[in-house]
Structure formats: C-alpha cells, structure tokens
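Worth saying up front: this structure is predicted, and the values here are computed from it rather than measured. Keep in mind that the numbers below use all heavy atoms, side chains included, and drop hydrogens, waters and symmetry copies. Numbers here are sequence positions counted from 1.
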Amino acid sequence: MTDKKRTHSPDLESFEPKEQIELKDILDYKAIQSLMDDFYSLTHFGIGVIDLKGNILVGTGWQDICINFHRANLLTVKNCIESDLYFSQNIKRGEYVEYHCKNNLRDIVTPIFVSNQHVGNLFLGQFLYDDEVPELKIFEEQAEIYHFDKNEYLSALSRVPRWDREKVKTVMSFYSKLAQIISNLLTSNLALKQTIEEKKSVIDQLKVASDRYKLISDNTGDVIWILDLNKGKFTYVSPSVEKLRGYSPEEVMQMDFSESVTTESLAFIKDKLPIRISEFENGNGSARIVTTEVDQKCKDGSIVPTEVVTTLITDESEKVVEILGVTRNISERKKADEIRDKLINELNRSNKELEQFAYVASHDLQEPLRMISTYTKHLEIELKDALNDRTVKYMEIIIEAAKRMHYLIHDLLSLSRISNAKDPFVVTDLNKVIEDIQQDQYFAIAESKTEFHVEALPLLKVDPFQIKLLFQNLISNAIKFKGKNAPVICIDAYHSDNTWTFKFKDNGIGIDPEYFDKIFIIFQRLHERGQYAGTGIGLSICKKIIENHGGRIWVESEIGKGTTFYFTIPDIQ
C-alpha cells in the first residue's frame, strides 16, 4: 500500500551533498523523540526512526515483545535486521511499505531522504490488524525455538496493539508526510550549511589569495605593473620599482609609458606591439604572453637592462585594453653571460690546443713504439739460442705491451679526430656502410661464423667516416664478446618525429645493468685484460659520434642473454 509521492522544493532538486550523509549527524533526534513521545501519549501509535546501519535514533511506543524478546535475542534480531534491510532496498521516496516480518508481526515503513540519498526510515511497528487472529501455535513454537519464557512471551503478544486497517492507513499517510517534511528540512538545512561553507571557503580563499598577491607584489624583487593602452599610463606599479629604477610607484604612474624606456626599446615596442595585438585578436593564442628584453630609464639617468613578461588583457568584446607585466632586472645575468661567453671562448681555444697536442703527441709516439717492437723481435731472433724461457717471456711481454700501446694510441687518435670533426654531412646509404664493414672484417666474421640479419636501413645525411666507425665498433664488440654460440647480429631502424631510432642487437655474453652508465666512459673495462682485448675507448667513441649527430645512445642487456644498443640520429633534410 502506498501514499502519493510529494514533490520536492524546486530549489532543492539540484542539490547534491558532497559526501555520504549519516542521519545521526544531521537529525535533531532528541527533539523528535520528545515530539513523538507526546504524539504517542495522545494516539498510542508508536514510531521509530532507524538509520541504514540499523541504529535506532528515535523510538517510542515500542512493544515489549520487540524490546524484551525479538531485539534482545541474537537469533531473532537477525529477523529484525532483515526487515530493516528489506525496507532500505525496496522503498521509494513518498511511499510506505508494509512488511510481515519473520517474527510474525507487522511493520510499516516510510523513507527519509536527503536530496537523492536514502539516509533512514520512519517505522510504525509491532502491531496486528483487528480483523486477523494471531496463530498462537506459531508464537508458541517461536518461544520454544528461541528459549523464551512461554507465558511471558504470550503475555507480551497479547499486549501487541490491534488496529483498524483504515486507521493504520490514515496514520501512515501522516507518517509519510512527516517523513517528507523531515527530508525536506534536512535537505534544506544541509544545502544551506553547505552553501554557507562554500561561500565562506571562497571568501577565505579570496582573502588568502589577495593577501598573498599583495605580499608578493610588495616584496618581490620583480616589478609588477598594469598599463592602460588607451591612456598610455600605468594604473598599477608595485613598490619594487623604486629599487629597480629609483622612482616611486606614484611617480611612475604619473609618467607617460614612453618616458620609462630608452629610445631604441620604445621604437622596438611600437613596431612589434600592434602586430602582436592584431594577431591575438585574430585568434593567435600564443601572442597573449610574450617575453622580451627592454632597456629602462632610471631616476639617476642610468639605464637598466630588464626582462619583461607581458600578458594581453581584454575587455568584454575581446579587445586588448591593458597589459599586465612583470619586469626583472637582468644586469647580473648580462654580466654572467659575458663572463660565460668569454670562458667558453677560452675553453674552446684550450680544447683545440689540447686536441692538436694529443694528435701530434699520439702520432709522434707511433714511431718509437714500432722501433721497440721491431728491435725486440730482432733481438729474439738473433739471440734465440742464448735466451732462456724467462727472457723469452719478458720479450713477449714487451712486444705485447707495445702492441697494446699502438692500439691505444690509434683509438685516442680516432677519438681526437671525432672530437675535432668538421667534415660536412652527406647523404649516406647505411646499407652500403654495413656491406663495406662486412668486407673489411671478412676474416673475423668468417672465423667466428657471425650471422647478420639487417633490415633495410635509410639514407641519412651524416658524416660517413664517423658512422662507419660507429657500426664497426659495435660489430667488433658483438664478435669479441660472443657467447657459447656463434654471434648473431640484428640491425634495424624505425622513423618517428623526424628521428631515426636504430636497434643493434646481439646474442653475446650480455652486460650487468649496474654498468649501463659506465660502459660509455673512456677507459672503462668490465673484464680483465687477459679475458678480452681492447682499450676501453670503443663505446666512448660511439657515444661521441652519436652526440656529434645530435642523437643519444643507450643500452639494454641481461647477463647471458645478449645486448641491445639503441641510438637515435635526427633526419636532417
């Protein structure tokens, strides 16, 4: 049986609480308890207000059979909770539902809402209709099952009220309207509270923002200002202008804008600003905020270089009417730039001298090394019969050391040449580069039974010598650091965002991830010299080559699972 649904106040239709509502937190249940106690003394109709967790907030006129038996027993109280849950899930706003509970008494409930949240229920309960006869046998069995004192239990049953159906309907119509009134009042109060809190929060935020802005504006070293374009005058200038230019804010605001900057800067502004405003008003959003350098006049006649960030401000018709600016003194930065440029020039000159020295010194060391190696071999041949095993071993060490020094000088010369490279970039077929390396290293590849899988590589504008040296070092490393199986080298590349990314993969011994950052550093070796030959310069040469081409190189690897080098080269047209 249902009562007609009442309509919400239009002002509350759109209100949504910010969080889940707890009825006990917003309902003045003590006042309602007092009101319902008076109502019960007049009508003898009980009432209960229960939240969705089963908490009884208001209860009057509850029957002994409920208080002393059904809700006092751990088993039968489950039936009560089941009734409560049934009501919570099966009732709509403005309606009431009758339920014949598992304890075999009647309950009727109508819901309490806050906006669209169902927060609790208003109950009329523990009664029987006057035209129905309770089945005593059922209640006797309940007393036995739940260990109730039968006489007391049946006595409590006899005190359960018997009500006329029409009278119950009238009472529930009243209770439904009462629940609606409570719902609307709670929603209205909560909406009002939430609105007040929101307004207070906004006011507090505005005050904090205003205080912070004033604090920043008054104390920052940068000068914040607003310029009225129609009048050509400043409408606001922060106090920091006095430190920057010697003028007070009031003095600056009395000046025409043109008096604040040098003739050259004024000419630049008059040339660029109208174009910028036109572009912005025609939809170019990037023209709204611009950073420029402007020379400004100081009160003592000096000139201060500044960096100015300006933002175009529009009116209701989207026409630019003001400029918001932030001006910063860049005198120290200008001095620092001059010192930096001077140091860079000195460093470049020093590097060139060092590179030239390294090249000459390395080149001049080649001849003494050849002499040491050659004459040691001659001695070994001429004194062959007179040498003992120890002396032969010493000579072999001398020859091997000379050979290592030769390779080291050769790699240093390569690194020096790459560091000082000025050769023009030319369009190069990288497939042909790989083919040339395979021919150059034919015997090493054949002896190691190296297998190549090379996808079609691009034509790129590069330094051919450097790119060949890059692939040559990577292929040599893959062969040198092979695993138990014959080397397999896979090379491919893909294009994205005007950049080619290359993937060079082998099936060798792999590299421990903790060494990923170290392998590109000059002279870094991960193995004893007796295990693998080399100078520890090869990968640093590869890194320098990639950097010379504007790319980057990195590695992925696991011990025993091979190594993959990735590197990028921009697609220069």
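The two residues Leu23 and Val119 have their closest heavy-atom pair at CB-O, 3.6 Å. Scanning all heavy atoms of the two residues, the minimum distance from Val237 to Met253 falls at CG2-CG, 3.8 Å. Closest of all the heavy-atom pairs between Ile108 and Met172 is CG2-CE, 3.4 Å. Heavy-atom minimum distance, Val321 versus Thr314: CG2-C, 4.1 Å. The two atoms that bring Ile553 and Lys543 nearest to each other are CG2-CA, 4.0 Å, heavy atoms only. Across all their heavy atoms, Phe502 and Ile569 have their closest contact at CE1-CD1, 4.0 Å.
A donor-acceptor pair under 3.5 Å is formed between the side chain of Thr43 and the backbone N or O of Phe39. Between the Gln63 side chain and the Gly61 main chain, a donor and an acceptor come within less than 3.5 Å of each other. Put simply, the side chain of Ser173 never gets that close to the backbone of Lys169: no donor and acceptor are under 3.5 Å apart. Between the side chain of Ser302 and the backbone N or O of Cys298 there is no donor-acceptor pair closer than 3.5 Å. No side-chain donor-acceptor contact under 3.5 Å links Asp64 to the backbone of Asn68. Checked by atom type and distance alone, the side chain of Gln33 pairs as donor or acceptor with a backbone atom of Gly59 at under 3.5 Å. Side-chain atoms of Ser238 come within 3.5 Å of backbone N or O of Ile224 as a donor-acceptor pair.
Val308 has its side chain out of reach of Val326: every pair of non-hydrogen atoms, C-beta onward, lies at least 4.5 Å apart. Taking the side chain as every heavy atom from C-beta outward, Val290 and Arg276 approach each other to under 4.5 Å. Within the 4.5 Å cutoff, side-chain heavy atoms of Ile47 are placed close to those of Leu122. Residues Leu266 and Phe257 are in side-chain contact: their nearest non-hydrogen atoms beyond the backbone lie under 4.5 Å apart. Using a 4.5 Å heavy-atom threshold, the side chains of Arg245 and Val252 count as touching. Counting heavy atoms from C-beta outward, Leu27 and Leu57 have side chains that approach closer than 4.5 Å. Inter-residue side-chain proximity for Ile313 and Ile323 is flagged as unmet; no heavy-atom pair is nearer than 4.5 Å.
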Exercise. Show your working on side-chain contact (heavy atoms from CB on, under 4.5 Å) between Thr327 and Gln296 and close with a plain yes or no.
Key: CA-CA 10 Å; Thr327 301; Gln296 299 200 29; 3.2 Å; yes

Self-check item: Lys334 vs Glu293, salt bridge (charged side-chain N to carboxylate O under 4.0 Å, His left out): CA-CA, chis, key distance, verdict
Solution: CA-CA 11 Å; Lys334 287 284 189 180; Glu293 290 189 7; 2.9 Å; yes

Quiz prompt | Chi angles and distances behind the side-chain contact (heavy atoms from CB on, under 4.5 Å) call for Asn79, Cys101 | solution = CA-CA 7 Å; Asn79 295 332; Cys101 75; 6.0 Å; no

Exercise. Any chance you could lay out the side-chain contact (heavy atoms from CB on, under 4.5 Å) test for Val320 and Leu229, step after step, and finish with the verdict?
Key: CA-CA 8 Å; Val320 176; Leu229 288 176; 3.7 Å; yes

Practice problem: Apply side-chain contact (heavy atoms from CB on, under 4.5 Å) to Ser260 and Phe234, showing your working. | Solution: CA-CA 10 Å; Ser260 294; Phe234 296 99; 3.7 Å; yes

Quiz item: Should Asp492 and Lys503 be marked as a salt bridge (charged side-chain N to carboxylate O under 4.0 Å, His left out) after you check the CA-CA gap, both sets of side-chain angles, and the distance that decides it?
Solution: CA-CA 5 Å; Asp492 62 6; Lys503 180 180 179 182; 5.5 Å; no

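Between Asp337 and Arg340 there is a salt bridge, since a side-chain N of the basic residue sits under 4.0 Å from a carboxylate O of the acidic one. Ion pairing of Lys24 with Asp51 is absent here, as no side-chain N (NZ or NE/NH1/NH2) approaches a carboxylate O to less than 4.0 Å. The pair Glu251-Lys299 meets the salt-bridge criterion, with a side-chain N (NZ, NE, NH1 or NH2) lying under 4.0 Å from an Asp/Glu carboxylate O. A salt bridge is defined here as a Lys NZ or Arg NE, NH1 or NH2 lying under 4.0 Å from an Asp or Glu carboxylate O, and Lys233 with Glu259 fails to meet this definition. Note on Glu307 versus Arg333: salt bridge recorded, some NZ/NE/NH1/NH2 to OD/OE distance being below 4.0 Å. Of the charged side-chain nitrogens involved, at least one lies within less than 4.0 Å of a carboxylate oxygen, so that Glu98 and Arg106 count as a salt-bridged pair.
With sequence neighbours excluded, no residue satisfies side-chain contact (heavy atoms from CB on, under 4.5 Å) with Glu316. Applying the side-chain contact (heavy atoms from CB on, under 4.5 Å) criterion to Asp295, with sequence neighbours excluded, gives Thr262, Ser265, Ile303, Pro305.
No more than 12 heavy atoms of other residues, nucleotides or ligands sit less than 6.0 Å from atom CG of Leu74. Residue Glu132 qualifies as enclosed at atom CD: its count of foreign heavy atoms under 6.0 Å is above 12.
The distance from the CG atom of Asp497 to the OG1 atom of Thr568 is 11.5 Å, given to the nearest 0.5 Å. Here the straight-line distance linking atom OG1 of Thr563 with atom CD of Glu558 works out to 10.0 Å at 0.5 Å rounding. The distance from atom CZ of Arg93 to atom OG of Ser183, rounded to the nearest 0.5 Å, is 6.5 Å. Here the CD-CD1 distance, from Glu556 to Ile511, works out to 11.5 Å after rounding to the nearest 0.5 Å. Distance check, rounded to the nearest 0.5 Å: CG of Leu273 to OG1 of Thr310 gives 7.5 Å. Rounded to the nearest 0.5 Å, atoms CG (Leu105) and CD1 (Ile65) are 5.0 Å apart.
The ring pair (Phe, Tyr, Trp, His ring centres under 6.0 Å) contacts involving residues 43-74 comprise Tyr40-His44, Phe45-Trp163, Phe69-Phe148, Phe69-Tyr153, His70-Tyr153, where partners must be two or more places apart or lie in separate chains.
Between the side chains of Gln142 and Asn103, no donor N or O sits under 3.5 Å from an acceptor N or O. Of the N and O atoms on the side chains of Thr76 and Arg71, not one donor lies less than 3.5 Å from an acceptor on the other residue.
Aromatic ring pairs are classed by plane angle as parallel below 30°, tilted from 30° to 60° and perpendicular above 60°; the pair Phe113 and His118 is parallel.
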